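Down below is the structure, laid out as structure tokens.
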Amino acid sequence: MILPDYKEAKKRGKEKVIREDYELDNEFKQIGKGKTYFVKTYGCQMNEHDSENIKAMLEEIGFTEVDDYEKADLVLLNTCSIRENAHNKAFGMLGRLKHLKDEKKNLIIGVCGCMAQEEGVVDEILHKHKYVNFVFGTHNLHRLPYLINENLKTNKQAIEVYSKEGNLIEGMPVKRQNNYKAYVNIIYGCDKFCTYCIVPYTRGKQRSRSKEDILKEVEELVKDGYQEVTLLGQNVNAYGKDFDYPYSMENLLEDVAKTNIPRVRFMTSHPWDFTDKMIEVIAKYPNIMPSIHLPVQSGSSRILKLMGRRYTKESYLELFHKIKDTIPNVAISTDIIVGFPGETEEDFEETLSLAEECKYDNAFTFIYSPRENTPAAKLEDNVTLEEKEDRLHRLNAVVNKYFLENNEKLVGKTVKVLVEGVNTNGKDGMYGYTDTMKLINFDGCSNLTGKIINVKVTSAKTWSLDGEIDE
Ligand code: SAH
Ligand code: SF4
Ligand code: F3S
């Protein structure tokens with residue numbers, strides 16, 4: 001049993017990252033034969049992509065996927081720690097699984113992902129959720145076959161969570177969600193330590209994948225007919241900073257663009273590391289999508305300082321406008337937290353004024369949620385829930401106004417759309433995303449799925465567009 005340890009998780013050593021190839025031990029190849037599985041994923045794209053690896057590993061050892069957890073022999077929760085409600089959702093699901101296990105004694109239950117990296121969570125699983133069969137963390141996905149085997153053999157809870165990131169494992173199998181767009185990890189971990197955020201503890205030190213491994217993966221996707229890649233990292237702009245030779249995000253973006261994959265996206269970008277060269281590369285290559293997620297978190301320089309974001313309102317705005325002025329038709333989205341400890345009405349008004357100035361194309365807005373062991377959790381959380389809710393509401397009114405305004409500007413224009421599938425809005429038709437990540441619904445056949453087509457925008461709503469195919 002290896003339990004998570006915060007002290008270890010906080011450390012940032014100078015050790016070199018060692019690359020290792022994934023290998024499946026022959027001993028495990030049949031352990032899931034005849035059994036079914038269900039993976040429930042919470043959290044960000046990183047977790048979604050981890051689940052793609054997890055599913056493929058489960059299938060390699062004989063399991064088959066089912067779409068209803070009640071029918072599965074193995075249920076795995078890939079969890080998220082970012083806010084309290086993510087926690088509550090996962091524990092709620094665990095409660096349902098406990099009942100299911102009362103009826104289905106052989107049900108195998110696993111927990112992985114960011115919550116598995118938390119000391120408190122694992123302690124709770126160990127003592128209060130003894131029906132959970134196995135737990136592994138974000139640094140040892142590749143140990144999944146071993147842990148299932150261990151639990152089946154010994155009938156004891158198998159818990160293995162590394163707090164210090166191990167080697168960088170390449171070549172894990174992957175079961176992609178679809179065959180036209182793909183996630184590609186480029187950097188793991190985060191060294192920014194924003195004071196409210198748990199990610200640096202759950203995902204460890206910043207580690208970049210090699211250029212060769214990334215480009216090989218993208219080239220294979222191109223060969224397989226993929227239309228879009230999203231380069232993933234908690235802060236993709238820090239890509240390459242851990243190399244001892246000069247190769248950074250702008251170089252990688254350029255090399256990925258040159259593979260001629262029709263669409264390149266990347267997320268997330270911390271404003272601090274966004275270089276002018278990156279902006280130039282994005283502007284230069286038509287297949288790098290003009291869509292940038294640039295989380296601001298707050299419009300108050302005082303709160304930004306307390307958050308440890310290392311930029312001010314002014315320097316953020318300078319970067320924002322530089323991007324807007326250099327990349328034609330760029331859409332910028334953001335994340336904003338309201339109710340950080342000590343946030344006054346004046347601070348919040350700075351956020352509102354920034355939102356008015358930036359007129360974002362999309363924004364994810366959150367109420368601050370204290371996270372175990374983070375520096376902000378030690379500050380007095382002195383904004384009442386009522387105030388936090390009121391601020392969220394007022395902020396949403398401002399950002400929503402601009403989503404609609406920006407969408408309305410597109411009416412009458414023809415946009416390129418990667419068709420994703422049949423829409424679920426009740427009417428016959430398809431949906432897809434524009435270059436700038438806007439959801440668009442239009443009439444069309446399902447054989448368009450996975451193709452990039454021209455669609456003329458006919459009307460705009462706050463969250464989506466309607467259109468018709470433009471031949
Ligand atoms: N690496 C990304 C963020 C990943 S987390 C970045 O730095 O941009 C996604 C978003 O969750 C963050 O941008 C932030 O707005 C929000 N978030 C993170 N920790 C939070 C907390 N403790 N409470 C509320 N929101 C939080
Ligand atoms: Fe969290 Fe900040 Fe890292 Fe983003 S950059 S993952 S908000 S610590
Ligand atoms: Fe959540 Fe972990 Fe992603 S905390 S947002 S799943 S990195």
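This is a predicted model, so every value here is computed, not measured. Indexing begins at 1, ligand by ligand and atom by atom, following the structure's order.
Residue contacts with ligand 1 include Thr268, since one of its heavy atoms falls under 4.0 Å from the ligand. Judged by the shortest distance from any of its heavy atoms, Thr374 lies outside the 4.0 Å radius around the atoms of ligand 1. No heavy atom of Met267 sits closer than 4.0 Å to any atom of ligand 1. Distances shorter than 4.0 angstrom do not occur between any heavy atom of Asn235 and any atom of ligand 1.
In terms of protein heavy-atom proximity, atom 8 (O) of ligand 1 is closest to Pro295 CG, 2.9 Å. In terms of protein heavy-atom proximity, atom 3 (Fe) of ligand 3 is closest to Cys44 SG, 2.3 Å. Regarding atom 4 (S) of ligand 3, its nearest protein heavy-atom neighbour is Ser81 N, 3.2 Å. Remark: minimum distance from atom 2 (C) of ligand 1 to any protein heavy atom is reached at Gln234 O, 3.5 Å. For atom 11 (O) of ligand 1, the nearest non-hydrogen atom of the protein is Arg83 NH1, 3.0 Å. From the protein, the heavy atom lying nearest to atom 19 (N) of ligand 1 is Tyr196 CD1, 3.3 Å. For atom 22 (N) of ligand 1, the closest non-hydrogen atom on the protein side is Ser369 O, 2.7 Å. Nearest protein heavy-atom contact of atom 5 (S) of ligand 1 is Ile82 CD1, 3.5 Å. Regarding atom 10 (C) of ligand 1, its nearest protein heavy-atom neighbour is Asp335 OD2, 3.4 Å. The closest protein non-hydrogen atom to atom 1 (Fe) of ligand 3 is Cys80 SG, 2.4 Å. In terms of protein heavy atoms, atom 2 (Fe) of ligand 3 is closest to Cys114 SG, 2.2 Å.
If you look at Asn235 next to ligand 2, there are no close heavy atoms at all, none under 4.0 Å. Residue contacts with ligand 2, taken as heavy atom pairs separated by less than 4.0 Å, involve Phe193 solely via the backbone atoms N, CA, C and O. When heavy-atom distances to ligand 2 are checked against a 4.0 Å cut-off, Pro295 has no atom that comes that close, whether in backbone or side chain. With a 4.0 Å cut-off on non-hydrogen atoms, Cys190 touches ligand 2 through its side chain and not its backbone.
Defined by atom type and a distance below 3.5 Å, a donor-acceptor pair is missing between the side-chain atoms of Asn78 and Thr41. Between the side chains of Thr275 and Glu250, at least one donor N or O sits under 3.5 Å from an acceptor N or O.
When the options Arg371, Gln234, Met46 are ranked by their closest heavy atom to atom 7 (S) of ligand 3, first place goes to Gln234.
Which parts of ligand 3 touch Asn47 is read off a 4.0 Å heavy-atom cut-off, strictly below it: atoms 6 (S).
Salt bridge Arg19/Asp21: present, at least one basic N to carboxylate O contact under 4.0 Å.
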